[in-house]
Amino acid sequence: MRPSAKALLLATLTLTGVASVRAEAPTDPTTSPTTSPATAPDFAQCLGGLKTLAEERGVPRTVAETALSGIAPDPSVVPATQSQAEFVKPIWQYVEASVTPERVATGQAKLAEWSEVLGRIEAAYGVDRHVLVAFWGVESNYGAALEGGGIRPVMPALATLACGDPDRPGLWRDELVAALKILADGDADAERLRGSWAGAMGHTQFMPTAFLRHAVDFDGDGKRDIWHSVPDALASTANFLKQSGWRANEGWGFEVLLPDNFDYRLADETTERPFSEWRTLGLKPANGAFPESAERRAALLLPTGAKGPAFLLEPNFRVILRYNTALAYALTVAHLSDRLRGAPSFSRDWPRGDRMLSTEERTDLQARLAALGHPVGGADGKIGPKTRAAIRAFQEANSLVPDGYADAALLDRLRAAGAPAP
Ligand code: CA
């Protein structure tokens, strides 16, 4: 689970790189931080403020004193936040790194091992077992990642972020206070309260605020233990999904094949049409048939434009995005759930020859689109639905396939079009 998912700061699909907040060390340790953790006197003063804030929000003073006294800044976590935005890899690399044959085989073994519990969780929350096990596999490699060296005490990590991350101090303060409430409630002690550098905890990597809202005790021992109890962790994830709008007996969507001469303007990723309409437009599921309920609705998404696979996305896909707003993440969970069911890999291949645009290049591309009269909603280097709409408008005006895909060829075209540099 990514911290921004819970803060709902980004309600858009992001096609740019995925920054993992799983239980591993940051992937790019070479990125230089632009900020440093607070100096020692500042940190002590900041901790004092956090204790007061926690007390104002209902945490007993003694709990905050015990948990925060004497802790030292964790120098590795602020650079980790800095590396997130820059860490870009193609969507297919992310999907394929997470949906390996080994990950599928282990997941299928876990489905067998936990079959009885998963049956009860399905009955209680209406979330399919393959989806739950897919979250488990992506978030912590079915718990194996929790044994790794990236796991650390949550409190120093969150305190360091709350006192040292200039971009999102409020988010980290909220998470820290939530972590203190977990201690106050008795679900965990400080020793057990361990997680990723961002405070994502347990088998399915709940942030503390998500824990308070969604964690459940499913094995009946009186504690919500997402760190050691697989039933608690999987049921908590099911509860999160149910409370986020998961529709029982519906899937996330599926890969589709597009007809020749398809009108790519229909792939705007937001307009939902009934399956019956998509069928009339010539789309075909890559495997099997359309769901029987022809009036269920879905939107069409082409993550890499006309050159890669196409997907019809049902409302449950947006629920997966509530866990982590990165499209590559959601597609990975969705695809792993299908593979656990025995489905094959994607039918169409990705445009593997494409070079990913850097943040700087994406920002340049956006500025040039805006300068040509195609509004992008702010040149921030993040290619979301607005930017893709602007790309489609530019492509249409220039007799290109209007698939909304931002690649190096498009940037070259924009630069050649004489659009002014930002
Ligand atoms: Ca329990």
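On a predicted model such as this, the values are computed, not experimentally measured, just so you know. Nothing fancy with the numbering, it's 1 onward along the sequence. Counting starts at 1 for both ligands and their atoms, following the listed order.
The Ca ion (ligand 1) has Asp221 among its coordinating residues (N/O/S atom, backbone or side chain, under 3.0 Å). Metal site remark for the Ca ion (ligand 1): Lys223 contributes an N, O or S atom at a distance under 3.0 Å.
Between Trp227 and Phe211, the ring planes lie tilted relative to each other; the angle falls in the 30° to 60° range.
With sequence neighbours excluded, the residues satisfying salt bridge (charged side-chain N to carboxylate O under 4.0 Å, His left out) with Glu116 are Arg120. Under the side chain to side chain donor-acceptor pair (under 3.5 Å) criterion, Thr387 pairs with Gln366, not counting sequence neighbours.
With respect to the salt-bridge test (charged N to carboxylate O, under 4.0 angstrom), the residues Asp174 and Arg57 qualify. Between Arg265 and Asp263 there is a salt bridge, since at least one side-chain N of the basic residue sits less than 4.0 Å from a carboxylate O of the acidic one.
When distances from the Ca ion (ligand 1) to the N, O or S atoms of Asp232 are compared, OD2 comes out shortest. Residue Asp219 approaches the Ca ion (ligand 1) most closely through its N/O/S atom OD1. Asp217 contributes OD1 as its N, O or S atom closest to the Ca ion (ligand 1).
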